[in-house]
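Okay, so here's the structure we're looking at.
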There are 2 protein chains.
Amino acid sequence: MYGALKTHITRLADPGADAIALLDPILEYRQLKKKEVLLKEGDTCRYYWFVLDGCLRSYFVNDKGAEQTLQFAIEQWWLSDFMSLQTKNPASFSVQAVEKTTVAMIERSAYESLLVKAPAFERYFRIVFQKAYAASQLRVKYLYTLSGEERYHHFNKNFPGFVQRVPQYMLASYLGFTPEFLSRIRARQL
Amino acid sequence: MYGALKTHITRLADPGADAIALLDPILEYRQLKKKEVLLKEGDTCRYYWFVLDGCLRSYFVNDKGAEQTLQFAIEQWWLSDFMSLQTKNPASFSVQAVEKTTVAMIERSAYESLLVKAPAFERYFRIVFQKAYAASQLRVKYLYTLSGEERYHHFNKNFPGFVQRVPQYMLASYLGFTPEFLSRIRARQL
DNA sequence: CTGATTTCTTGAACTACATTAAGTTTTTTT
DNA sequence: AAAAAAACTTAATGTAGTTCAAGAAATCAG
């Protein structure tokens, strides 16, 4: 499992064994219990996280005190507050383990010096972010096009089984509506 | 104006004059009239576009026949359907000039071979996409947090003057509501 | 300058989803 | 296994924003 990041890098952008070796001194690993928090909204974000096993989510607390999930990240996904990493401004959301989770992590300045020392990693991260941005473009389209109920069905079709992995209230807020409404949608199916 | 892309590249990731010179054979330029279309929803997207002057938008036609704007791109922004470029699947939206616009463009396979020939550009595009993704994370947060009216005020504050540059119906759909509702918001201010 | 097209406004009826509140089921902790 | 906490359901009432329709204003093409 701990090799999953190197496998991912090699598969997307093979930078060669010498470059890969440069990861060892800077990669950190962390085991998280369910609900454990990696980043708190308002703190400056210092790490890039890569999910080796389990599931992370980003969320914030809205003005009514409810948690609003912005993103889920499962195995092989990078997650962080990239704006906060860039500007060193306070993070606009928190990051938390949804279930027992193992992550690999790179600290901001280690990331930057890695890229200078081993530019071959630029290609890997360019591909990672280009894909992430492409996915995000599509996601915004779905947020505009689909009704709440349609987003639920679409999500279910695209990530079959994932629904069982997270509490419904997290999924409801990710899909942009209340847990009560999700309950209603599910009742309608029966 | 035609040097704006090279300036942008140099500012973000100075790849050196030799690398920059490799752009000349592959960069294309195009002048667009207001409303001219660069990409049609359903076609395969073949280009990366960089706005030198003017304004592009991406949009699609929803099931009620209304145009839904997804994104605006002004000077110094890259725009394309990155998913379609990646997968060669049909584009999920169209791209059109909002006003008289000049773009620099790179064809997909030229982009890919440029990156292989001159890996220094990987850094530039890595930074471009990392920033774009960071901005997109924030945008999704605003879509969840703010009411329609709040999104309008927030947009006005962050892009003062831009409101005058586009027809209201484009702005309304970008903000996620109907032109009628935007009209109402504006009436309330008076 | 003029007609045609596009864009903007206003009003009335409507709907998808939110809110509140109370009860039920499931999961976690001890 | 019991108690406590977390998660889910159901129903009644409320509202932000939509839809439809028709007219007014602005912009564009000849």
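Since we're looking at a predicted model, the values are computed, not measured. In what follows, every chain begins at residue 1, and chains take the letters A, B, ... in the order their sequences are listed.
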Measure from NZ or CZ of A/Lys141 to the centre of the six-membered ring of B/Phe93 and say whether it is under 6.0 Å with the direction within 45° of the ring axis.
-> no
B/Glu67 atom CD is separated from C/dT6 atom P, nearest whole Å, by 11 Å
Return the value, rounded to whole Å, for the distance between atom CD of B/Gln96 and atom P of C/dT6.
-> 13 Å
Not counting sequence neighbours, list each pair that qualifies as a salt bridge (Lys or Arg N to Asp or Glu O under 4.0 Å) and has a residue in residues 154-179 of chain A.
-> A/Glu75-A/Arg165, A/Glu99-A/Arg165
Starting from B/Tyr59, walk the hydrophobic network (Ile, Leu, Val, Met, Phe, Trp, Tyr; side-chain heavy atoms closer than 4.5 Å) and list everyone else you reach, by chain and number.
-> B/Val37
Roughly how many Å is it from CD1 in A/Ile185 to C1' in D/dT10, rounded to a whole number?
-> 15 Å
B/Arg186 CZ to C/dC8 C1': how many Å, rounded?
-> 10 Å
Rounded to whole angstroms, how far apart are NZ on A/Lys100 and P on C/dT28?
-> 14 Å
Check whether the side chains of A/Gln68 and A/Ser173 place a donor and an acceptor atom closer than 3.5 Å, and report yes or no.
-> no
Quick check: are there more than 12 heavy atoms from other residues, nucleotides or ligands sitting under 6.0 Å from CG of A/Asn158?
-> yes
Helical bend (five base pairs per end, nearest 10°) for the helix from C/dC1-D/dG30 to C/dT30-D/dA1 | 70°
Enumerate the residues from residues 157-169 of chain A whose closest heavy atom to DNA chain D is under 4.0 Å, giving them by residue number; use none for an empty result.
-> A/Pro167, A/Gln168, A/Tyr169
Quick check, are the ring centers of B/Phe72 and B/Phe162 under 6.0 angstrom apart?
-> yes
Provide the full list of salt bridge (Lys or Arg N to Asp or Glu O under 4.0 Å) pairs with a residue in residues 4-14 of chain B, sequence neighbours left out, each pair given once.
-> B/Lys6-B/Asp24
Can you give one letter per nucleotide of nucleotides 11-30 of chain D, 5' to 3': B if a protein heavy atom sits under 4.0 Å from the base, S if only from the sugar-phosphate, - if neither?
-> B-----SBBB-------S--
Would you indicate, yes or no, if C/dT7 has its OP1 or OP2 atom less than 4.0 angstrom from a side-chain nitrogen or oxygen of B/Lys35?
-> yes
How close or far is atom P of C/dC17 from atom CG of A/Leu143, stated in whole angstroms?
-> 13 Å
Any chance NZ of B/Lys131 has more than 12 other-residue heavy atoms, nucleotides or ligands included, within less than 6.0 Å?
-> no
Interatomic distance where CE belongs to A/Met170 and P belongs to D/dA7 [whole Å] | 7 Å
Between atom CG in A/Leu175 and atom C1' in C/dC17, what is the gap in whole Å?
-> 14 Å
Between A/Phe82 and B/Tyr133, what is the ring plane arrangement, given parallel below 30°, perpendicular above 60°, and tilted in between?
-> tilted
How about A/Leu27 and A/Ile106: do any of their side-chain heavy atoms sit closer than 4.5 Å?
-> yes
Minimal heavy-atom distance between B/Arg108 and B/Leu85, with the atoms involved, is CD-O, 3.2 Å
